[in-house]
Amino acid sequence: MLDWKWVRENPELAETSLQKRGFDTGLLQELLELDQKRRAIQQEADVLKQKKNEVSRAIGQLKQEGKDITEIQKEVQGISTRIKEIDSQLKAISSEWTEKLLWLPNLPHFSVPLGKDEGDNQEVKRWREPTQFDFDPLPHWDLGEGLDIIDFQRGVKIASSRFAVLKGAGAKLERALISFMLDVHLEKHGYWEVFPPFLVNAETMTGTGQLPKFKDELYCCQDDLYLIPTAEVPVTNLHAGEILLEEELPLRYVAYSACFRREAGSHGRDVRGLIRQHQFNKVELVKITHPERSYEELEFLLLDAEEILQLLNLPYRVVILCTGDLGFSAAKTYDIEVWLPSEGRYREISSCSNFETFQARRANIRFRKGSGKPEFVHTLNGSGLAVGRTLVAVLENYQQADGTVVVPEVLRPYMGGMEIITPQFEVK
RNA sequence: GGAGGGGUGUCCGAAUUGGCAAGGAGCCGGUCUUGAAAACCGGUGAAACCGCAAGGUGGUGCGGGUUCGAAUCCCGCCCCCUCCGCCA
């Protein structure tokens with residue numbers, strides 16, 4: 001949610017800023033008009049209410065003095081009726097305005113490069129060169145099936161397309177990656193671990209910006225509950241409606257969760273393999289910071305996520321998303337992309353964003369400076385990392401000519417000392 | 001799921017025969033002090049909204065209703081606690 005006072009005072013700036021995203025500014029105009037109407041109606045209502053309150057107080061006085069109140073009572077009855085009419089108008093226009101405001105995206109930070117789509121994203125860093133092979137590297141789905149550690153067919157059978165089953169060393173590798181990532185962020189980077197609910201209510205989904213606009217991307221359950229598309233949602237909303245102390249900022253959380261996405265708009269993309277699943281695991285970093293320090297915290301967050309890939313010795317690059325490719329709620333986003341030999345290109349494995357006050361306003365997360373008025377915090381998050389895609393990257397980058405896969409050294413303690421994944425065929 | 005109790009600010013907590021939401025803690029300023037603490041004095045302390053301002057609206061878990069006027073009365077819902085039932 002944008003700072004509406006600022007928008008009202010700077011409508012042209014808001015408009016050009018939204019245009020940079022390629023966002024149609026018709027909605028902004030509608031909101032500005034509604035806002036004007038709303039204020040006019042509220043002023044009318046407030047004057048009448050003031051009158052009503054004065055008269056009501058006078059009635060109380062007169063009654064105590066034992067005087068007759070029938071005349072004055074009749075007079076104020078008319079006012080009350082009128083107030084009810086205006087109030088219902090006000091309520092209608094206010095809720096229309098509030099609902100529409102939730103559809104307006106965040107404004108890009110000034111440092112975000114101008115651009116139309118992902119083709120205009122700018123590479124800002126590259127770590128190690130793409131892995132070289134003296135044989136033709138296989139895609140992870142062939143490796144996974146050859147080693148019998150990924151079962152795509154049975155995933156589809158028991159659920160639907162875009163579901164897979166990890167087996168044996170594959171399941172263990174997934175679990176090892178989760179534990180490894182959590183431990184690095186806990187022990188080395190000083191985050192605090194939380195294990196959140198995977199189902200949340202509509203209010204929580206609205207707080208981080210998934211609702212109302214992206215309802216089609218979510219799995220809805222009964223009882224007004226939704227499956228989370230990322231741990232960002234429950235973790236950021238932990239402090240919804242709260243007033244934090246300035247001294248306790250920044251709050252830094254790391255959370256493992258399964259993530260559930262309908263992928264409604266991506267038919268035909270990444271249909272093979274584990275890259276785009278309806279359910280996947282992710283270790284998420286979330287920071288709640290002082291507004292003055294959020295951008296330096298974003299840089300550190302990015303480094304924390306990058307370090308996982310460095311420890312795994314996987315080649316990657318970092319890009320900054322241009323205005324046209326920026327997500328709905330973000331003011332600035334870095335994507336980390338890992339090298340995938342089978343595709344011969346880098347693929348997104350982490351997205352690190354600063355949302356400034358956009359989510360804090362929706363979820364009403366504030367902090368208090370001394371005894372001053374509460375102010376909105378800045379919220380940030382980033383994948384640290386997407387586990388399924390990391391597993392893909394490990395399989396593809398660590399594969400050998402015979403179809404076996406070397407276990408990265410840092411993961412061996414989590415794999416019972418296993419050094420090479422070889423075919424197991426426990427269950428056929 | 002059933003029965004009972006509860007939900008008031010940053011925190012504690014009063015007011016429920018309808019009539020401006022007590023009091024305290026905290027916080028800020030001051031007096032005193034070498035400094036601090038304590039004490040005392042004053043201020044502040046209820047989201048949010050409207051207004052250039054003065055000020056106003058609003059505000060007692062949420063949403064409605066009755067009334068000139070609702071924390072208080074009525075209806076619906078949510079959450080917490082205790083007990084019962086069920087359950088990993």
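Nucleotides B/rU8 and B/rC79 have their C1' atoms positioned 16 Å apart, rounded to a whole Å. With both ends at atom P, the span from B/rU72 to B/rG19 equals 11 Å, rounded to whole Å. Nucleotides B/rA71 and B/rG58 are separated by 10 Å at their P atoms, to the nearest Å. Look at the C1' atom in both B/rC78 and B/rG63: the space between them is 10 Å, to the nearest Å. The gap from the C1' atom of B/rG18 to that of B/rG30 amounts to 42 Å, rounded to the nearest Å. The C1' atoms of B/rU33 and B/rC40 are separated by 14 Å, rounded to the nearest whole Å. B/rG26 and B/rG61 are spaced 24 Å apart, taking the C1' atom of each and rounding to whole Å. Using P as the reference atom, B/rG9 and B/rA21 are 15 Å apart when rounded to the nearest Å.
Distance, A/I83 CD1 to B/rG56 P: 16 Å, rounded to whole Å. We find that CD of A/E246 is positioned 14 Å from C1' of B/rC27, with the value rounded to whole Å. Rounded to whole Å, the distance from CZ on A/F376 to C1' on B/rA47 is 10 Å. Distance A/L245 CG to B/rG26 C1': 12 Å, rounded to the nearest Å. Atom CD1 of A/I365 is separated from atom P of B/rA47 by 19 Å (rounded to the nearest Å). Taking atom NZ of residue A/K5 and atom C1' of nucleotide B/rC50, one finds them 10 Å apart after rounding to whole Å. When rounded to the nearest whole Å, the span between CD of A/Q50 and C1' of B/rA54 equals 12 Å. At whole-Å resolution of the value, CH2 in A/W4 and P in B/rA48 are 18 Å apart.
Under the rule for a side-chain hydrogen bond (donor to acceptor under 3.5 Å, both in side chains), the partners of A/R366 that lie at least two apart in sequence or sit in another chain are A/N364. Taking A/I86 as the reference, A/I41, A/E44, A/A45, A/L48, A/R82 meet the side chain to side chain contact (heavy atoms under 4.5 Å, CB included) condition, with sequence neighbours excluded. A/K49 is linked by a side-chain hydrogen bond (donor to acceptor under 3.5 Å, both in side chains) to A/D87, counting only residues two or more places apart in sequence or in another chain. In this view, A/T357 and A/R361 satisfy the side-chain hydrogen bond (donor to acceptor under 3.5 Å, both in side chains) rule, not counting sequence neighbours. Partners of A/D142 under the salt bridge (Lys or Arg N to Asp or Glu O under 4.0 Å) rule, at least two apart in sequence or in another chain, do not exist in this structure. Remark: A/T81 engages A/E85 in a side chain to side chain contact (heavy atoms under 4.5 Å, CB included) (not counting sequence neighbours).
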How would nucleotides 9-17 of chain B be written as a contact map, 5' to 3', with B for base contact, S for sugar-phosphate-only contact and - for no contact, using protein heavy atoms under 4.0 Å? -S-------
Output a table of donor-acceptor pairs, distance under 3.5 Å, between side-chain atoms of residues 170-179 of chain A and any protein atom two or more places apart or on a different chain; print 'none' if there are none.
| from | atom 1 | to | atom 2 | distance (Å) |
| --- | --- | --- | --- | --- |
| A/E174 | OE2 | A/N281 | ND2 | 2.8 |
| A/S179 | OG | A/R175 | O | 3.4 |

Side-chain donor-acceptor pairs under 3.5 Å in residues 406-419 of chain A, sequence neighbours left out?
| from | atom 1 | to | atom 2 | distance (Å) |
| --- | --- | --- | --- | --- |
| A/R412 | NE | A/V407 | O | 2.9 |
| A/R412 | NH2 | A/V407 | O | 3.0 |
| A/Y414 | OH | A/D183 | OD2 | 2.7 |

Distance-only criterion, 3.5 Å: show the donor-acceptor pairs between side-chain atoms of residues 384-396 of chain A and protein atoms not counting sequence neighbours.
| from | atom 1 | to | atom 2 | distance (Å) |
| --- | --- | --- | --- | --- |
| A/R389 | NE | A/I275 | O | 3.0 |
| A/R389 | NH1 | A/E348 | O | 2.8 |
| A/R389 | NH2 | A/I275 | O | 3.1 |
| A/T390 | OG1 | A/A386 | O | 2.6 |
| A/E396 | OE1 | A/S342 | N | 3.1 |
| A/E396 | OE1 | A/S342 | OG | 2.8 |
| A/E396 | OE2 | A/H140 | N | 2.8 |
| A/E396 | OE2 | A/H140 | ND1 | 3.0 |
| A/E396 | OE2 | A/S342 | OG | 2.9 |

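Nearest to the side-chain atoms of A/R366 among the listed nucleotides B/rG51, B/rA47, B/rU57 stands B/rA47.
Pair assignment for B/rA39: B/rU31, on the basis of Watson-Crick or G-U wobble contacts that are both within less than 3.5 Å. Both distances falling under 3.5 Å, in either a Watson-Crick or a G-U wobble arrangement, place B/rG19 opposite B/rC68. Within the shown strands, B/rU82 is the pairing partner of B/rA3 under the Watson-Crick or G-U definition, both distances less than 3.5 Å.
The residues A/E96 and A/K100 are annotated as salt-bridged, a charged nitrogen and a carboxylate oxygen being separated by less than 4.0 angstrom.
Exactly one residue among A/F376, A/F367, A/Y253 makes a ring pair (Phe, Tyr, Trp, His ring centres under 6.0 Å) with A/H239. That residue is A/Y253.
Nearest heavy-atom pair, A/C220 versus A/K215, reported as atom, atom and distance to 0.1 Å: SG-CE, 4.3 Å.
In this structure, A/Y295 has its ring center under 6.0 Å from that of A/H109.
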Output a table of nitrogen or oxygen pairs between the protein and nucleotides 65-69 of chain B separated by less than 3.5 Å.
| from | atom 1 | to | atom 2 | distance (Å) |
| --- | --- | --- | --- | --- |
| B/rC68 | OP1 | A/Q77 | NE2 | 2.6 |
| B/rC68 | O3' | A/S80 | OG | 3.1 |
| B/rC68 | O2' | A/S56 | OG | 3.0 |
| B/rG69 | OP1 | A/S80 | OG | 3.3 |
| B/rG69 | O4' | A/S56 | OG | 3.3 |

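Looking at which nucleotide of RNA chain B each of A/K49 and A/N364 is closest to, the 5′-most match is held by A/N364. Along RNA chain B, the nucleotide nearest to A/V47 and the one nearest to A/K91 differ in position, and the one closer to the 5' end is contacted by A/V47.
Contact annotation for A/R8: backbone-only contact, meaning every heavy-atom pair under 4.0 Å involves sugar-phosphate atoms and none involves a base.
Contacts of residues 33-43 of chain A with RNA chain B (heavy atom under 4.0 Å): A/R38, A/R39, A/Q42, A/Q43.
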